[in-house]
Novice: 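One structure, as structure tokens, below. Some questions next.
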Amino acid sequence: MESSPSPVSQPAATPQAAPAASAGLDEVKIKKYVARLRDQQNLGLGLAGGAIGAAIGAALWGIITALTNFQIGWEAVGVGFLAGYGVRRLGKGIDPIFGYVGAAFSLLGCAAGNVLAVMIAVSNHSGTPLSTIAAHMNLQIAWDMIVADFSPIDVLFYGLGIYYGYRNSFHRITREELAALA
């Protein structure tokens, strides 16, 4: 069973490290390992990973919606997963800021996916090339698209996307890593 991705600031008090401490692992070794993980964190790369994940998720959202002619709310969970995965993979973070970055990029990816889906629908309906619609896009038009396409259930799915963006943004200490400390 996977434990919570909460940051590891007090190793013996975390769900990940508590079994390790009771299994006879040296608390000093755990603290040194956590310090080493913190030294490997890279917020800049985490930001890049979140942006890449959110962009991929938004593109998939638009494509899936265009192909099915139906917006599937669960796409937001996928965007959150991809944004969080990008933050975790590139940022290698254990501090709370990495979760906030993953959540923020998840929200941005969901909004971008929603806008892209509307842009594709407008392109298909009007016969206007997508590139022409994109060339005329600005923040006000994007906001208007989000508001016009908004449904109350979107709050639930965006919330789930934000949750998964946050949750998947942290490096999780594995049993193998703990075993290597023994």
Side-chain angles (χ1 to χ4, degrees), residues 1-7 15 41-172:
M1 179 157 223
E2 217 171 89
S3 59
S4 169
S6 62
Q41 295 181 127
N42 189 321
L43 185 57
L45 287 177
L47 289 165
I52 292 167
I56 292 169
L60 289 172
W61 180 315
I63 292 167
I64 290 168
T65 302
L67 291 175
T68 64
N69 290 322
F70 186 73
Q71 184 169 315
I72 303 164
W74 290 105
E75 293 165 334
V77 173
V79 172
F81 175 80
L82 289 169
Y85 177 79
V87 171
R88 180 179 74 226
R89 184 79 174 164
L90 296 183
K92 300 179 182 177
I94 62 172
D95 288 333
I97 188 67
F98 290 89
Y100 304 144
V101 167
F105 274 110
S106 177
L107 178 61
L108 290 173
C110 288
N114 220 356
V115 168
L116 181 59
V118 172
M119 289 171 55
I120 292 170
V122 168
S123 174
N124 289 342
H125 182 69
S126 69
T128 306
L130 186 59
S131 59
T132 302
I133 294 170
H136 291 90
M137 186 59 58
N138 61 41
L139 286 177
Q140 183 60 51
I141 294 171
W143 178 253
D144 291 342
M145 286 179 168
I146 290 171
V147 169
D149 194 49
F150 179 78
S151 169
I153 196 73
D154 290 344
V155 173
L156 170 68
F157 288 113
Y158 274 42
L160 286 170
I162 291 168
Y163 168 76
Y164 280 100
Y166 177 87
R167 184 174 187 275
N168 288 309
S169 295
F170 298 101
H171 170 78
R172 291 181 183 84

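The first residue in the sequence is number 1, and the count goes up from there.
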Novice: Just how far is it from atom CD1 of Ile162 to atom OH of Tyr100, taken to the nearest 0.5 Å?
Specialist: 14.0 Å

Novice: Show your working on side chain to side chain contact (heavy atoms under 4.5 Å, CB included) between Val101 and Leu47 and close with a plain yes or no.
Specialist: CA-CA 7 Å; Val101 167; Leu47 289 165; 3.8 Å; yes

Novice: Mind checking side chain to side chain contact (heavy atoms under 4.5 Å, CB included) for Asn69 and listing every partner two or more places apart, or none if nothing turns up?
Specialist: none

Novice: Looking at residues at least two apart in the chain, or sitting in another chain, which of them share a side chain to side chain contact (heavy atoms under 4.5 Å, CB included) with Ile63?
Specialist: Leu67

Novice: Report yes or no: does Asp95 contribute a side-chain atom to a donor-acceptor pair with the main-chain N or O of Ile97 at less than 3.5 Å?
Specialist: no

Novice: If I compare all heavy atoms of Ser126 with all of Thr128, which pair ends up nearest, and what's the gap?
Specialist: OG-OG1, 2.9 Å

Novice: Apply side chain to side chain contact (heavy atoms under 4.5 Å, CB included) to Asn124 and list each qualifying residue two or more places apart in sequence or on a separate chain.
Specialist: Ile120

Novice: Only counting residues at least two apart or in another chain, list the ones meeting side-chain hydrogen bond (donor to acceptor under 3.5 Å, both in side chains) with Thr68.
Specialist: none

Novice: Return the minimal non-hydrogen interatomic distance between Phe98 and Ser169, and the atom names on each side.
Specialist: O-CB, 3.1 Å

Novice: Any chance you could measure Asp144, atom CG, to Leu139, atom CG, to the nearest 0.5 Å?
Specialist: 11.0 Å

Novice: Atom OG1 of Thr65 and atom CD of Glu75: how far apart are they, to the nearest 0.5 Å?
Specialist: 4.0 Å

Novice: Quick one: pull up CZ in Arg88 and CZ in Arg172 and give me the separation to the nearest 0.5 Å.
Specialist: 5.5 Å

Novice: List in chain and number order the residues that pass side-chain hydrogen bond (donor to acceptor under 3.5 Å, both in side chains) with Thr132, two or more places apart in sequence or in another chain; answer none if no residue qualifies.
Specialist: none

Novice: Under 3.5 Å, side-chain donor or acceptor atoms of residues 102-117 against the rest of the protein: list the pairs with distances, not counting sequence neighbours.
Specialist:
unit_1: Ser106; atom_1: OG; unit_2: Gly161; atom_2: O; d: 2.6
unit_1: Asn114; atom_1: OD1; unit_2: Gln71; atom_2: NE2; d: 3.2
unit_1: Asn114; atom_1: ND2; unit_2: Tyr158; atom_2: OH; d: 2.9

Novice: Please collect all ring-ring contact (aromatic ring centres under 6.0 Å, His included) contacts where either partner lies in residues 57-87, sequence neighbours excluded, each pair once.
Specialist: Trp74-Phe157

Novice: Would Met119 and Leu130 count as a side chain to side chain contact (heavy atoms under 4.5 Å, CB included) here? Give the steps.
Specialist: CA-CA 7 Å; Met119 289 171 55; Leu130 186 59; 3.8 Å; yes

Novice: From Asp154 CG over to Asp149 CG, what is the distance, rounded to the nearest 0.5 angstrom?
Specialist: 7.0 Å

Novice: Between Ile56 and Leu82, which heavy-atom pair has the shortest distance, and what is it?
Specialist: CG2-CD1, 4.1 Å

Novice: For Ser131, check side chain to side chain contact (heavy atoms under 4.5 Å, CB included) against everything at least two apart and list the hits.
Specialist: Pro129

Novice: Using the ring-ring contact (aromatic ring centres under 6.0 Å, His included) rule, collect all pairs that involve residues 120-156, keeping only residues at least two apart or in two chains.
Specialist: none

